[in-house]
There are 2 protein chains.
Amino acid sequence: MTEKIQKNRPKDLRSAILKTALHLFTTHGYFNTSVHDIRREAGISIGAIYHHFDSKESIAKAIYDDLLEQETEAIAQITIDGQTARDNCRAIMNHLFIMAEENPEAMEFMLYSKHREFMPSALPVCSSKPLSMMRKAVQLGIDNGEILPMEITLATTCLFGSMFRMIHLRLDGIITEPLPTFLDTIFECAWRGVSR
Amino acid sequence: MTEKIQKNRPKDLRSAILKTALHLFTTHGYFNTSVHDIRREAGISIGAIYHHFDSKESIAKAIYDDLLEQETEAIAQITIDGQTARDNCRAIMNHLFIMAEENPEAMEFMLYSKHREFMPSALPVCSSKPLSMMRKAVQLGIDNGEILPMEITLATTCLFGSMFRMIHLRLDGIITEPLPTFLDTIFECAWRGVSR
DNA sequence: GTCTATATAGTGATAGAC
DNA sequence: GTCTATCACTATATAGAC
């Protein structure tokens with residue numbers, strides 16, 4: 001990996017603020033969290049927050065952008081050229097299940113917030129890089145004949161739709177066992193549906 | 001249908017308020033909508049609103065309860081005893097697709113709001129009557145051998161997960177064609193995954 | 001049952017000392 | 001770069017006339 005400019009990392013306050021904000025945003029919601037709540041929970045002052053961020057919205061935006069970037073990187077590392085579409089898609093599903101277990105708040109914020117309502121500037125998740133990488137993995141499967149010929153959004157939804165719902169149910173506490181437990185079942189059901 | 005007590009229906013202001021509120025809640029979000037916005041959009045006064053409802057939250061709650069009740073009724077009429085699980089599940093999917101086209105705001109509010117954040121009192125959608133009726137339709141299919149033996153939440157997610165995602169994408173404007181267009185494809189993919 | 005006017009509390013953000 | 005004090009504003013909800 002190339003040396004990247006550390007434009008982000010005082011590593012101290014900025015990331016502490018983001019971490020605290022993510023926690024409060026996911027547990028109570030963006031609008032139920034005031035900047036003063038973040039201040040209190042992080043044990044710092046209002047001034048410090050507004051020194052690092054322009055506005056409450058820009059805190060949310062920073063969290064969102066960071067998470068999408070991380071995910072993009074992760075999926076890029078997981079999907080391997082020359083591998084079957086089946087293997088790549090399964091690896092993605094596995095990764096997202098693990099991610100939802102290890103970092104549920106990040107997952108909740110990235111996938112299940114109503115971003116439009118508090119970050120009018122942000123693109124919807126569906127248009128994000130990680131999602132388009134998932135579509136690309138599916139497209140390769142269609143092109144090489146592993147997956148039935150279908151419009152790409154449709155195929156991606158058929159393959160990953162139940163996974164997204166599983167993650168949702170898990171984050172909501174409806175499902176109580178770790179998601180990787182269900183990987184085989186969920187993936188095989190979905191694959192059976194779309195494969196030739 | 002039996003004569004029901006009209007506890008709801010002045011049919012005038014109350015439902016006008018609910019309709020206006022639903023529109024604003026779905027287009028701008030609950031927290032971006034003030035009671036004054038509802039007042040203005042409905043062309044009435046604050047006093048009238050607070051005469052009919054205790055609070056802003058109770059307006060949201062009323063919308064939510066009404067919609068869930070309607071849906072419960074609708075699904076009850078659609079699922080027919082003695083029909084195959086396949087037919088009943090397909091009928092449910094068809095109904096929800098049509099519903100999403102005819103009343104997208106209702107669907108958006110019912111399925112994709114973060115209810116917890118503004119109606120702490122409300123049960124999550126997953127625990128609602130309509131959802132439990134969907135699980136029941138799937139359970140019958142497992143019992144009679146149409147559907148592979150699986151834990152019920154898992155089976156329901158495999159069968160309806162892609163449908164929920166399609167509705168989501170359609171409401172978000174990602175999909176531009178009417179959902180019923182995709183009914184056959186979506187249902188067959190999902191059914192192939194869970195059926196014996 | 002509907003109206004207008006207002007009370008009260010809390011928000012996001014800024015100013016300016018250190 | 002971090003703090004405290006405070007501003008300007010908007011929100012929900014209530015009071016009380018009609």
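Lettering of chains follows the sequences in order, A, B, ..., and the numbering in each one begins at 1.
- If you check every strand for non-hydrogen atoms under 4.0 Å, B:S58 touches nothing.
- A salt bridge links A:R86 to A:E188: one of the charged nitrogens lies within less than 4.0 Å of a carboxylate oxygen.
- Across the protein-nucleic acid pair, A:R39 atom CZ and D:dA5 atom P stand 11 Å apart, rounded to whole Å.
- Under the 4.0 Å criterion applied to side-chain N and carboxylate O atoms, B:K61 and B:D66 are not assigned as salt-bridge partners.
- Counted by atom type alone, A:E117 and B:H28 present zero donor-acceptor pairs between their side chains at under 3.5 Å.
- Note on residues 167-176 of chain B: pairs passing side chain to side chain donor-acceptor pair (under 3.5 Å), not counting sequence neighbours, are B:E101-B:R170.
- Ion pair A:D37/A:R40 flagged as a salt bridge, since at least one NZ, NE, NH1 or NH2 atom sits closer than 4.0 Å to an Asp/Glu carboxylate oxygen.
- Taking for each of A:K56 and B:G47 the nucleotide of DNA chain C with the nearest heavy atom, the 5'-most of the two is the partner of B:G47.
- A:I46 comes within 4.0 angstrom of a nucleotide base, judged by non-hydrogen atoms across all strands.
- Across all strands shown, A:S45 has heavy atoms under 4.0 Å from base atoms, whether or not it also approaches the sugar-phosphate.
- First and last contacts of DNA chain C with chain A, using any nucleotide atom under 4.0 Å from a protein heavy atom and ordered 5' to 3', fall at C:dT11 to C:dT14.
- Geometrically, A:K114 does not engage B:F31 in a cation-pi contact defined by less than 6.0 Å to the ring centre and at most 45° from the axis.
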